[in-house]
Each structure stands twice: as structure tokens, then as C-alpha cells.
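Chain A is the first sequence line, chain B the second, and so forth, proteins listed ahead of strands; every chain is numbered from 1. This is a predicted model, so every value here is computed, not measured. Values below: every heavy atom of this structure, side chains too, minus hydrogens, waters and symmetry copies.
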2 protein chains.
Amino acid sequence: MTDLITPSSIREHELNQALEALFYGFKAVVARPDAMLAEQGLSRVHHRILYFVGHNPGLSVNELLGILGVTKQSLNGPMRQLGRLGYIQTRQDTRDRRIKRLSLTDSGQALETALSGDQRARFARVFKQLGAKDEQAWRRVMNKLADR
Amino acid sequence: MTDLITPSSIREHELNQALEALFYGFKAVVARPDAMLAEQGLSRVHHRILYFVGHNPGLSVNELLGILGVTKQSLNGPMRQLGRLGYIQTRQDTRDRRIKRLSLTDSGQALETALSGDQRARFARVFKQLGAKDEQAWRRVMNKLADR
DNA sequence: GTTATTAGGTCAGTCATATTGACATTTTAT
DNA sequence: ATAAAATGTCAATATGACTGACCTAATAAC
């Protein structure tokens, strides 16, 4: 009986290890940026805003809401903080003056680089240690995980 | 000038894609379990409790607090819910009767299996599609990411 | 050229979660 | 007998996200 159920249990255990690897890896990647943000009274939401505005300059508020999947009320607070701290600037769209085009200031770009740069450096170090083969395999797995 | 800065920008972009792959992969893995839990008014914390109690039956409350890294006050609520829903049972330690030994009920085990099973199935499908080589590479990358 | 709609912002209320602090109970250790 | 540990609970506080309502300014539609 033990012989019959053991093989699937071994695989189940391996898959549990994969689950834990995902959670602990994720935790490790966000730990330092979270700590940096906390020093300024900010949190992971602010990083998400900085990241998407930084990589899509000229984004409108509505587009950002769509990307983040939050309500404008819950975005409003973090956005005001980022504006007050001088990390985000806005300019009116020239054709439709209702629309605010968002972008990072220099210091906003610097903060974003510090945050995401820490994460990129972590990946870069791991990829360099393990090689391009492992990197490509890792990407295949992650992309398929996110698939459907 | 462009020739000088482009190579590093390409790599930066690749690393950004790795970052996004991690976030979207993680999101995909927790999406279904989160939805299942929400149907019963539960959340990811409850899953974490079920997971660790299920894999460490006989755990004490203090040990669980250590694993989860939360306060006993914040654990108390979710634990009471899980007890009231009949997912978790306790028995006194025989030698030290101050200690409550936690374990899952049959229905608790069933719920845990449904939740983590969905996640394991997602991994199993991806690993099966991509093969053992990719699986091992993925594990190496995740474990190194979590390292220090 | 009114009217409707859109982009953005804000106020109020609610709900969930996590925290600290204080305190109580039971049981074990000294 | 007293100290300490394991657990539980009450209260107050803080945060963050949500819905709903309402507002302005600007554009679109009729």
C-alpha cells in the first residue's frame, strides 16, 4: 500500500517545494524595496505607480487605474503623496485638456531606479551565476505559469 | 553614444521582463485560491494557516506565530474563523497541557488540498509541458533568488 | 447651443486587517 | 509560594481599499 501511494506523495512534496520556492523568492525580491519605501512612509503601491509611470511616460490617470486595477479613490492618496514628495509631475494633454499626462521627475526616476534596480540586480546576479540556459528556462516556466 | 548605452538598456529591459514575469506568475498562482477563499469570506492568511498546520500537524500556536510572523492578536481572528468553520481542531499536549496542538479536520484537509492542489496542478502542468530540465533550472533560480 | 458624457478629484462611510498594550487563565517551572 | 510560559481576549489605533455621492472642467453629441 505504501508502495502505491508513495510515488505521488513524492511528486506532491516536490510541487510543494516549488510553491514555497515561489513564495520565498517573491518575498526576497520585494523585501529590500519595501524597506526602502517604508523609510519614506511609502509602500509597494507607490513602487507600482512609479514603475508603470516610469515605463509609460505620458500615461493618463485612467490608464494607470486600468493597469493597477484599483479605484480612483484608493489611487488618489498614494498619487498625492508622490506628487507632494516631488516624484511625479503632470502636464495637460494638448488636444484634450481634461487629461493629465503623468511622468516621473528626475528624483522620481532616481527612486524608481533604486527600487527596481535592486530587484534587477538580484536577478542579474542569479542569472549570471546560473547561466543563460537556466535564465531562459526560468522565463519559460514563469510565462507559462502566468498564461491562462 | 546610443551605441554605448543601448546594450545595457537591452539587458535592463530583459531584467524588467523577468520582474514582470515574477509578479504576473505569482499573481496567477494565487488568483484561483484567493477566489475560492473569498467565497467563504476567507483570505490568503487562512490558506497560509491551513498550509502550515496541514504540513506540520501538532504545531503549537506559538510555533505557528513564528512561522507566519504575525502577532497572536492578528492570528486570533482567522484561527477562530477556521475553528468555527470546522477546518481546524486542537488537542492539548499530553505533557504540557498549556500547549494546544493544532491539526486540520477532514474538511480542513480537503480545503487545503483544494487550494494548494490547484497551485500544484498549475505547476505540474507547466513542468510537464516544459520538461524536467526546465523544472530544475527554475528551481535553481528561485532558490538562489530567495538566498540572501 | 443645450445636454450628455468623460477625466479627474474629493468627501464620507464602511470594512478588513494588523498593530500595540493591557489583562486574565491555566499550567508548568523555580 | 512565586515566577514564567502558552494561550486568549478586549480596547484603541492605524492603514488601506472599497462603494457611493457629489463636484469641476472640458469635450462630444444632438
Taking the side chain of A:K72 as its heavy atoms from C-beta onward, which of C:dT27, C:dG9, D:dC18 lies nearest to it? C:dG9
Please give, in whole Å, the distance from C:dG8 C1' to A:R101 CZ? 13 Å
Record whether the side chain of A:R97 comes under 3.5 Å of the base of D:dA26 through a donor-acceptor pair of N or O atoms. no
Please determine if a side-chain N or O atom of A:T71 lies less than 4.0 Å away from the OP1 or OP2 oxygen of D:dC18. yes
Between B:L65 (CG) and C:dA18 (C1'), how many Å, whole number? 13 Å
A:K100 NZ to D:dA25 P, straight-line distance once rounded to whole Å: 14 Å
If you compare every side-chain N and O of A:N62 against the phosphate oxygens of C:dT6 (OP1, OP2), does one of them come in below 4.0 Å? no
Return whichever of A:R98 or A:R80 has its heavy-atom-nearest nucleotide of DNA chain C closer to the 5' end. A:R98
Using the closest heavy atom to pick a nucleotide of DNA chain D for each, name whichever of A:H46 or A:Q92 lands nearer the 5' end. A:H46
Does A:Q73 get its side chain close enough to the base of C:dG9, under 3.5 Å, for a donor-acceptor pair? no
Remember a base hit wins even if backbone is also touched, and classify B:S74 as base, sugar-phosphate or nothing at under 4.0 Å, heavy atoms. base
Main-chain N/O of B:L145 paired with A:R122 side-chain donor or acceptor, under 3.5 Å: yes
Would you tell me if any nitrogen or oxygen in the side chain of A:S60 comes within less than 4.0 Å of OP1 or OP2 on C:dA7? no
Atom CG of B:L42 and atom P of C:dA16 are separated, to the nearest Å, by 12 Å
Can you measure B:D93 atom CG to D:dA5 atom P for me and round it to whole angstrom units? 17 Å
Side-chain heavy-atom pair B:D134, B:F127 within 4.5 angstrom cut-off: no
In whole Å, what is the span from the CE atom of A:M79 to the P atom of D:dG16? 16 Å
Output the rounded distance in Å from CG (B:L75) to P (C:dA16). 18 Å
Closest of D:dT7, D:dA17, C:dA7 to the A:V45 side chain is D:dA17
B:I99 side chain: which of D:dA6, D:dA17, D:dC10 is closest? D:dA6
Quick one: does any side-chain atom of A:Q109 pair with a main-chain N or O of A:L104 as donor and acceptor, under 3.5 Å? no
What contact category does B:R44 fall into here, base, sugar-phosphate, or nothing, at under 4.0 angstrom with non-hydrogen atoms? nothing
Would you kindly say whether A:Q40 and A:Y87 are connected by a side-chain donor-acceptor distance under 3.5 Å? yes
Expressed as a whole number of angstroms, how long is the span from A:N76:CG to C:dA7:P? 17 Å
Looking at A:E135 and B:R11, is there a salt bridge between them, counting it only when a charged N and a carboxylate O are closer than 4.0 Å? yes
